[in-house]
Amino acid sequence: MLVQWLAPLASEAPELIVAVVFAWRLRGDDGLGALLSSKVNQWTLLVGCLPLAHLAGGGGASLPLVERQVDEVLLTAAQTVLAVVLLLDLRFLPWKAALLLALFAVQFALPGESARFALSWVYLGIAAPLLALRLRQLPPTVRALAGRIEGDPH
């Protein structure tokens, strides 16, 4: 219980507080940026380094996971895919927030492992057509990731 709920809350509280302060000061874009940078850090450094830490600690080359852990990683990855697709246009509209919140809340109503697996496919099933509608936003996003933003002198 502590590892699943308290540790993530404590580790993400600073970013959440910063985002709330930005939102309070009507700087929602900056608040969203703080939360996004936290998510990027979480996926690249934390999750990406788990197998390396396991190997350095004397474990094998692969990280053994039980089915529940695989389901949780899949669900989190599917949530991330949907969130990225929703944010491709760099607009976080109320319907997008409501969609993410509603899908997140379903996890608590359906706590079984098979429900998590099915919910992962729901996230991906919603993300696919939304991505098809936003394909024109992929090239500017890729250019921005490469550091080439139109109109930016830096």
Side-chain angles (χ1 to χ4, degrees), residues 1-24 27-90 92 96-131 134 137-149 154:
M1 185 72 156
L2 287 174
V3 170
Q4 184 176 1
W5 293 103
L6 188 60
L9 181 63
S11 69
E12 294 179 19
E15 292 91 357
L16 187 58
I17 291 169
V18 167
V20 167
V21 169
F22 278 134
W24 186 269
R27 293 175 55 192
D29 292 343
D30 293 332
L32 187 57
L35 292 176
L36 287 174
S37 69
S38 171
K39 187 68 170 176
V40 168
N41 177 48
Q42 182 182 26
W43 271 100
T44 56
L45 295 176
L46 181 61
V47 175
C49 288
L50 281 175
L52 298 174
H54 178 69
L55 181 62
S62 64
L63 182 65
L65 299 173
V66 297
E67 187 175 344
R68 167 124 186 185
Q69 292 167 325
V70 172
D71 292 342
E72 290 289 342
V73 170
L74 174 64
L75 180 60
T76 303
Q79 289 171 335
T80 302
V81 167
L82 179 58
V84 166
V85 169
L86 289 173
L87 292 172
L88 275 176
D89 61 359
L90 299 178
F92 197 54
K96 295 176 181 181
L99 175 64
L100 289 174
L101 179 61
L103 289 170
F104 182 75
V106 168
Q107 295 178 81
F108 300 104
L110 306 170
E113 288 181 27
S114 61
R116 265 188 219 84
F117 185 74
L119 189 57
S120 299
W121 285 107
V122 169
Y123 275 102
L124 295 173
I126 294 170
L130 290 175
L131 178 60
R134 290 172 170 75
Q137 289 150 347
L138 283 178
T141 302
V142 171
R143 282 193 301 273
L145 289 173
R148 296 185 311 269
I149 300 171
H154 302 293

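These figures come from a predicted structure and were not determined experimentally.
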Kindly determine whether Leu75 and Asp71 satisfy side-chain contact (heavy atoms from CB on, under 4.5 Å), including the steps that lead there.
CA-CA 6 Å; Leu75 180 60; Asp71 292 342; over 6 Å; no
Yes or no on side-chain contact (heavy atoms from CB on, under 4.5 Å) for Leu119 and Leu110, after CA distance, side-chain angles and deciding distance?
CA-CA 9 Å; Leu119 189 57; Leu110 306 170; over 6 Å; no
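Between Ala127 and Val85, the shortest heavy-atom distance links the atoms O-CG1, 3.8 Å. Heavy atoms only, all atoms of each residue included: Ser120 and Ala78 are closest at O-CB, 3.5 Å. The minimum heavy-atom distance between His54 and Pro64, with the atom names listed, is NE2-CD, 3.4 Å. Counting all heavy atoms, side chain and backbone alike, Gly31 lies closest to Ala19 at O-CB, 3.6 Å.
When the shell of 6.0 Å around CZ of Phe117 is examined, it contains 12 or fewer heavy atoms from other residues, nucleotides or ligands.
Interatomic distance, Glu67 CD to Leu74 CG, rounded to the nearest 0.5 Å: 11.0 Å. The CD atom of Glu72 sits 4.5 Å away from atom CZ of Arg116, with the distance rounded to the nearest 0.5 Å.
Partners of Val84 under the side-chain contact (heavy atoms from CB on, under 4.5 Å) rule, at least two apart in sequence or in another chain, are Thr80. Applying the side-chain hydrogen bond (donor to acceptor under 3.5 Å, both in side chains) test to Arg134 and every residue at least two apart in sequence or in another chain returns nothing. Shown here are the side-chain contact (heavy atoms from CB on, under 4.5 Å) partners of Ala34, two or more places apart in sequence or in another chain: Val18. By the side-chain hydrogen bond (donor to acceptor under 3.5 Å, both in side chains) test, Gln79 is found to be paired with Tyr123, residues two or more places apart in sequence or in another chain being considered. Applying the side-chain contact (heavy atoms from CB on, under 4.5 Å) test to Val70 and every residue at least two apart in sequence or in another chain returns Leu65.
The only option from Val122, Leu131, Leu124, Leu103 that meets the side chain to side chain contact (heavy atoms under 4.5 Å, CB included) definition with Leu82 turns out to be Leu103.
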